[in-house]
Amino acid sequence: MVEQSGSDAYDFSTDAGVPNLTPLETMRHSAAHVMAHAVQRLFPGARVTIGPAIETGFYYDFAVDTPFTEEDLPKIEAEMARIAAGRHPFRREEVSREEALALFSSMGEHYKVELLQAIPPGQTITLYRHDDFVDLCRGPHVEHTGCIGAFKLLSVAGAYWRGDSRNPMLSRIYGTTFPTKEELDAYLRQLEEARRRDHRKLGRELELIHFEPLAPGCAFWLPRGAVLWNTLSQWMRGLLLSHGYVEVRTPLIFNKRLWEISGHWEHYQDNMFVMEAEGQVYGLKPMNCPSHMLLFGARRRSYRELPLRMHDQGVLHRAEPSGTLGGLTRVRQFVQDDAHLFVTPDQVAAEMDQLLGLVDRVYRTFDLRYQVKLSTRDPAKMMGDPALWDRAEADLRSTLAARGMSYIEQAREAAFYGPKIDFDVTDAIGRKWQCATIQLDFQIPLRFDLTYVGEDNAEHRPVVIHRAIFGSFERFIALLIEHYAGAFPLWLSPVQARVLGVSQRHDAYVREANELLLRHGVRSEVDLSGDKLGAKIRRAQLDKVPYMVVIGDKEVAARTVSPRTRDGRQLEARPLEVFARELAAEAQPPPVAD
RNA sequence: GCCACUGUAGCUCAGCGGUAGAGCAGCGGUUUCGUAAACCGCAGGUCAUGGGUUCAAAUCCCGUCAGUGGCUCCA
């Protein structure tokens, strides 16, 4: 439901200054204090830890013997309301480290003691008090507890202390607050609205996808979902082939020895599906790169072949932990619009530029907004030649800048094998999902001992770029379903037209019109139910069919059709042939090149 | 994997210790109807699953599976 923001008001280790909270964040953070106060009144054993404002509200993590349940929330809300009504002023207090340690030790707040010990020497330590509650906190806060706005507690969750799964699990309560009741209600309504366009709900209602408990994390694609998939898959092929890619198809199952070469066996065995046959151990591929490395290395390669752009829509499997699965956004079986580019170091910048253009073209085609993240080296775990890293990171920054793309840079977030650029898209309920990704890899060519023969007749090491634009078809389609709320643009619509007769007397011409549309390549179907036209229209609307083709006495007599659009417009009657040609033309996919 | 919650007909949900219900969808019939729901009838469920408590369990307890919201993870 909520995304942890980067601005943790208690993270003393990374920010020496006073946090610069917006008024809304200040109010939310103060609400977190009031919630902690309420919790400690109701649950005297609860120990406080941290409780920041986040993008959608606030949370507070508590150490308790028995975790909170949702039934506890109304009680806590009621107690918060009492504290708010008391209008207790927030009081800031600077104390010495010793005073603070003594205070929190005496209170048994050992998590606060641990936080205190992490504060760098010389930094001012502040307490914030209201009524009889005290918390270690940098502030700022609102004037008094009456100023925390219209609040609501939303959910409980487990969360590891300091975000580390080796640490104890704390009990987190999420809440939100807004300056006015109206804004809070608007937010809650917006959450409701978002649930209506959830791809899991629409995917079922529109008969796109299906799941079975016997195949957790693996989607069935129903006929209409399969149309979506195939349409996107073909369009992507066209786009990539027109940009100098070649397509390959590679095996799903490889001998364990391949995974030992690639390093997966050592690091990611637990996330792989492993099987055995005739005494040999095999693994289902979790990614395509090793197969592509084998293909590149299968014969001598010349510099004249580079850049070599190898596309593969192969099926991948990852044994994701059960607790992380969800709808189409996190699955165990998926397909990426994957490619590996084999390039010389000199070609990196130009390839990056082409890729950024491709990514932008694709996301503009679907009106999807994305956020760009550049991840640069972590000196502690980077491998390879630092000069190569220097140049690659500089290339990435300059190509991003040259295209005028705004991005956030995340230092130390790169993989050990090279820097990367990720593109995040937000789903209906505000969660961010990584879709497109561009990753430089200096290590894998080494592991597979890949070389090409240069102009100088000597062997050279290529650089590999892993890249996907949709990311996975599964996740991308989930986001498209939510983005369009199931009302796909014509070229993607699983059903583009449905032919509806006013009465069953018109059935013969209804069938004829449908067949003509099909022959023109339009994805058309008929509604031959005995229902009245109104009911057929209603059903087509709910199915989000772009064109309803109405046929009655007039149309039969004149050999015309009367189209109605999904957005309720009634178009003028026109000859059947004319409509079929118009629709076929309008249903063409967007161009893949200018 | 960890924390919390949920699992009743294809879908949405009611029932919450006395032995299963509605609407929609489906099927049959009547109606032949011009732009978001015609009418009548029928059928459909070992109440996720395995165990336990009880005279009696969909209802209470435990295990398992799956889903949902988070946390960790996402090469």
### Message
Among B/A36, B/C73, B/A38, which nucleotide has an atom closest to any side-chain atom of A/Leu542?
### Response
B/A36
### Message
From CG of A/Leu325 over to P of B/A66, roughly how many Å is that when rounded to an integer?
### Response
9 Å
### Task
With C1' as the reference atom in both, quote the distance from B/A57 to B/C16 in angstrom, rounded to an integer.
10 Å
### Message
Please give the distance between the P atoms of B/U6 and B/G17 as a whole number of Å.
### Response
16 Å
### Span that lies between the C1' atom of B/G51 and that of B/C42, in whole angstrom
38 Å
### Task
Using a heavy-atom cut-off of under 4.0 Å over every strand shown, decide if A/Gly263 touches base, sugar-phosphate, or nothing.
nothing
### Query
Given that A/Arg564 and A/Gln504 both sit by RNA chain B, which one's nearest nucleotide is further toward the 5' end?
A/Gln504
### Query
Using atom P of each nucleotide, how far apart are B/A36 and B/G41 to the nearest Å?
28 Å
### Task
Remember a base hit wins even if backbone is also touched, and classify A/His264 as base, sugar-phosphate or nothing at under 4.0 Å, heavy atoms.
base
### Task
From the options B/C73, B/C71, B/G69, select the nucleotide whose nearest atom is closest to the side chain of A/Arg431.
B/G69
### Task
Rounded to the nearest 0.5 Å, what's the gap from CG on A/Asp385 to CG on A/Leu446? Could you check?
10.5 Å
### Query
Does A/Arg505 have a side-chain nitrogen or oxygen under 4.0 Å from the phosphate oxygens OP1 or OP2 of B/C33?
yes
### Message
Any side-chain to backbone donor/acceptor pair from A/Glu409 onto A/Leu374? Under 3.5 Å, distance only.
### Response
no
### Query
Is there a donor and acceptor pair, one atom on the side chain of A/Arg539 and one on the base of B/C24, closer than 3.5 Å?
no
### Query
Within the structure shown, what part of the strands sits under 4.0 Å from A/Tyr417 by heavy-atom distance: base, sugar-phosphate, or nothing?
sugar-phosphate
### Task
Output yes when at least one side-chain N/O atom of A/Arg318 is less than 4.0 Å from OP1 or OP2 of B/C74, else no.
no
### Query
Is the phosphate of B/C71, meaning OP1 or OP2, less than 4.0 Å from a side-chain N or O of A/Tyr174?
yes
### Task
Name the nucleic acid region contacted by A/Lys536, choosing base, sugar-phosphate or nothing; use a 4.0 angstrom heavy-atom cut-off, strictly under.
nothing
### Query
Do any N or O atoms from the side chain of A/Thr329 and from the backbone of A/Arg475 form a donor-acceptor pair under 3.5 angstrom?
no
### Task
Tell me what A/Ala535 touches on the nucleic acid: a base, only sugar-phosphate, or nothing, going by heavy atoms under 4.0 Å.
sugar-phosphate
### Message
Please classify the nucleic acid contact of A/Leu170 as base, sugar-phosphate, or nothing, using heavy-atom distances under 4.0 Å.
### Response
nothing
### Task
Determine: side-chain N/O of A/Arg200 to OP1/OP2 of B/G69, distance under 4.0 Å, yes or no.
yes
### Query
When rounded to the nearest Å, what value does the distance between P atoms of B/G29 and B/A22 take?
23 Å
### Message
Regarding B/G10, can its base be found pairing with the side chain of A/Glu205 as donor and acceptor, where the two atoms are less than 3.5 Å apart?
### Response
no
### Query
Side chain of A/Ser562: nearest nucleotide among B/A66, B/A36, B/G34?
B/G34
#### Entry: Ring geometry between A/Tyr417 and A/His466 (parallel below 30°, tilted from 30 to 60°, perpendicular above 60°)
tilted
### Task
Report which part of the nucleic acid A/Pro321 touches: base, sugar-phosphate, or nothing (heavy-atom distance under 4.0 Å, all strands).
base
### Summary
By nearest-heavy-atom nucleotide on RNA chain B, the more 5' of A/Gln439 and A/Thr69 is A/Thr69
### Message
Regarding A/Glu555, tell me which of base, sugar-phosphate or nothing describes its non-hydrogen contacts under 4.0 Å with the strands shown.
### Response
base
### Task
Scan A/Gly534 against the nucleic acid and name what it touches under 4.0 Å (heavy atoms): base, sugar-phosphate only, or nothing.
sugar-phosphate
### Query
Looking for any heavy atom pair under 4.0 Å, which part of the strands does A/Ser165 touch: base, sugar-phosphate only, or nothing?
sugar-phosphate
### Query
Relative to each other, are the rings of A/Phe579 and A/Tyr547 parallel, tilted or perpendicular (30° and 60° limits)?
perpendicular
### Task
Please state the P separation for the pair B/U19 and B/U59 - nearest whole angstrom.
14 Å
### Query
So what does A/Ser171 hit on the nucleic acid, given a heavy-atom distance under 4.0 Å: a base, only sugar-phosphate, or nothing?
nothing
### Message
Categorize A/Gly530 for me: base, sugar-phosphate, or nothing, with a 4.0 angstrom heavy-atom threshold over every strand shown.
### Response
base
### Query
For B/U12, does OP1 or OP2 lie under 4.0 Å from any side-chain N or O of A/Arg204?
yes
## Note on the structure
Rounded to whole Å, the NE2-P distance (A/His317 to B/A75) equals 18 Å
### Task
Check every strand shown and say whether A/Ala157 touches a base, only sugar-phosphate, or nothing at a heavy-atom separation below 4.0 Å.
base
### Query
What is the ring orientation for A/Phe473 with A/Phe470, classed by angle as parallel under 30°, tilted 30 to 60°, or perpendicular over 60°?
perpendicular
### Message
Rounded to the nearest 0.5 Å, what separates atom CG in A/Leu252 from atom CD in A/Gln333?
### Response
8.5 Å
### Message
Ring-plane angle category for A/His264 and A/Trp259, please: parallel below 30°, perpendicular beyond 60°, tilted otherwise.
### Response
perpendicular
### Task
Give the nucleotide from the list B/G34, B/A38, B/C71 with an atom nearest to the side chain of A/Thr324.
B/C71
### Message
What's the gap between B/A58 and B/A25 when it is taken at their P atoms, as a whole Å value?
### Response
30 Å
### Query
Base, sugar-phosphate alone, or nothing: which one does A/Phe211 contact when heavy atoms must sit under 4.0 Å apart?
nothing
### Query
What integer number of Å spans the P atoms of B/C2 and B/U12?
28 Å
#### Entry: Integer-rounded Å distance: B/G34 C1' and A/Leu533 CG
5 Å
